[in-house]
Amino acid sequence: GNKMCQFKLVLLGESAVGKPSLVLRFVKGQFHEFQETDFLTQTFEIWDTAGQEQYHSLAPMYCGGAQTDTTNEESFATEELQRQACPDIVIALSGNKADLANKRAVDFQEVQPCADDNSLLFMKTSAKTSMNVNEMFVAIAKKLPKN
Ligand code: GTP
């Protein structure tokens, strides 16, 4: 029969990369140009680290996804994915704000091989246009352990 499983999804990434925006797009199909923080964390059990610097120390404690702002090379380069603490962890790397192609600071051609080497799901997403947002969350769900 069908069994209900619960998983924790954690969004990691520096401030302004679009963490709550991706959740809002996925859960409610909405996008706000000026996103208030925190309300999503209260409403949905998708944890959001709210751009806190401390996320570096939180990372090993939780299993989940991560996203970066592809218009900010530094945010992309400093992303820390600490998998060793969670053997079954599924990590998805979201190259968000893919709609802002003219501000692109991250070369997707360079990211893909790196994601492949580390068995990360990698998708260019846009919370604004909704590109790949459902696809990313569904791809994470499909990789979750089933026992
Ligand atoms: P906190 O750390 O919780 O503050 O969230 P965040 O800073 O990771 O991101 P937030 O969702 O608040 O988004 C930051 C800004 O980027 C907001 O003005 C969003 O409207 C905007 N934004 C988020 N996703 C996208 C996107 O895919 N495309 C564009 N063009 N803008 C986006």
Side-chain angles (χ1 to χ4, degrees), residues 5-144:
C5 296
Q6 285 199 345
F7 296 93
K8 208 168 276 177
L9 181 73
V10 179
L11 306 179
L12 299 180
E14 299 199 351
S15 190
V17 299
K19 300 177 297 296
S21 294
L22 284 166
V23 177
L24 186 68
R25 168 59 73 192
F26 177 60
V27 176
K28 290 187 135 185
Q30 297 173 4
F31 175 77
H32 299 153
E33 207 62 60
F34 301 98
Q35 181 62 61
E36 306 158 38
T37 54
D38 290 343
F39 76 99
L40 286 165
T41 321
Q42 295 157 12
T43 314
F44 308 108
E45 282 204 16
I46 294 180
W47 294 10
D48 180 338
T49 58
Q52 300 156 36
E53 288 304 314
Q54 307 95 288
Y55 82 81
H56 293 277
S57 56
L58 291 173
M61 294 164 59
Y62 307 125
C63 306
Q67 60 284 115
T68 56
D69 177 349
T70 53
T71 61
N72 177 344
E73 190 168 20
E74 194 177 345
S75 99
F76 211 83
T78 61
E79 199 63 47
E80 280 178 26
L81 302 171
Q82 297 172 289
R83 273 182 291 180
Q84 60 274 25
C86 278
D88 287 339
I89 192 169
V90 174
I91 299 178
L93 182 61
S94 154
N96 195 40
K97 306 194 186 180
D99 56 289
L100 299 176
N102 56 341
K103 293 195 190 167
R104 179 77 52 245
V106 173
D107 184 351
F108 289 129
Q109 310 283 356
E110 288 174 21
V111 177
Q112 189 67 62
C114 173
D116 292 346
D117 284 350
N118 293 286
S119 313
L120 306 179
L121 290 165
F122 170 60
M123 288 198 191
K124 294 177 250 186
T125 61
S126 170
K128 185 168 186 174
T129 68
S130 85
M131 175 184 133
N132 277 340
V133 176
N134 277 343
E135 286 81 353
M136 182 186 64
F137 285 106
V138 168
I140 293 168
K142 285 187 173 158
K143 280 186 78 177
L144 292 169

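Predicted model, so just to flag it, every value in this text is computed and none were measured. First listed ligand is number 1; within each ligand, the first listed atom is number 1.
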Contact check: Leu100 vs ligand 1, nitrogen or oxygen atoms, below 3.5 angstrom: no
Atoms in ligand 1 with a heavy atom of Ala127 nearer than 4.0 Å: 24 (N), 26 (C), 27 (O)
Taking every non-hydrogen atom, the tightest pair across Leu22 and Ala127: N-CB, 3.9 Å
Steps toward side-chain contact (heavy atoms from CB on, under 4.5 Å) verdict (Ile140, Val90): CA-CA 7 Å; Ile140 293 168; Val90 174; 4.1 Å; yes
Closest non-hydrogen atom pair between Glu33 and Lys128, with its separation: OE1-NZ, 3.4 Å
Ala16-ligand 1 polar pair, N/O distance under 3.5 Å: yes
N or O pair under 3.5 Å between Phe31 and ligand 1: no
The one among Val17, Asp99, Leu22 that brings a heavy atom closest to atom 26 (C) of ligand 1: Asp99
Any donor-acceptor pair under 3.5 Å from Lys19 side chain to Gly13 backbone: yes
Element-labelled atoms of ligand 1 that are located less than 4.0 Å from some non-hydrogen atom of Lys19: 1 (P), 2 (O), 5 (O), 6 (P), 8 (O), 9 (O), 11 (O)
Residue selection (non-hydrogen contact nearest atom 11 (O) of ligand 1) among Ser21, Ser126, Gly13: Ser21
Heavy-atom pair with the smallest gap, counting every atom of Ser119 and Lys143: O-NZ, 3.5 Å
Polar atom proximity, His32 to ligand 1 (N or O, under 3.5 Å): yes
Mutual orientation of the aromatic rings belonging to Phe122 and Phe108 [parallel < 30°, tilted 30-60°, perpendicular > 60°]: tilted
Nearest-option assignment for atom 22 (N) of ligand 1, heavy atoms, candidates Lys97, Glu33, Lys103: Lys97
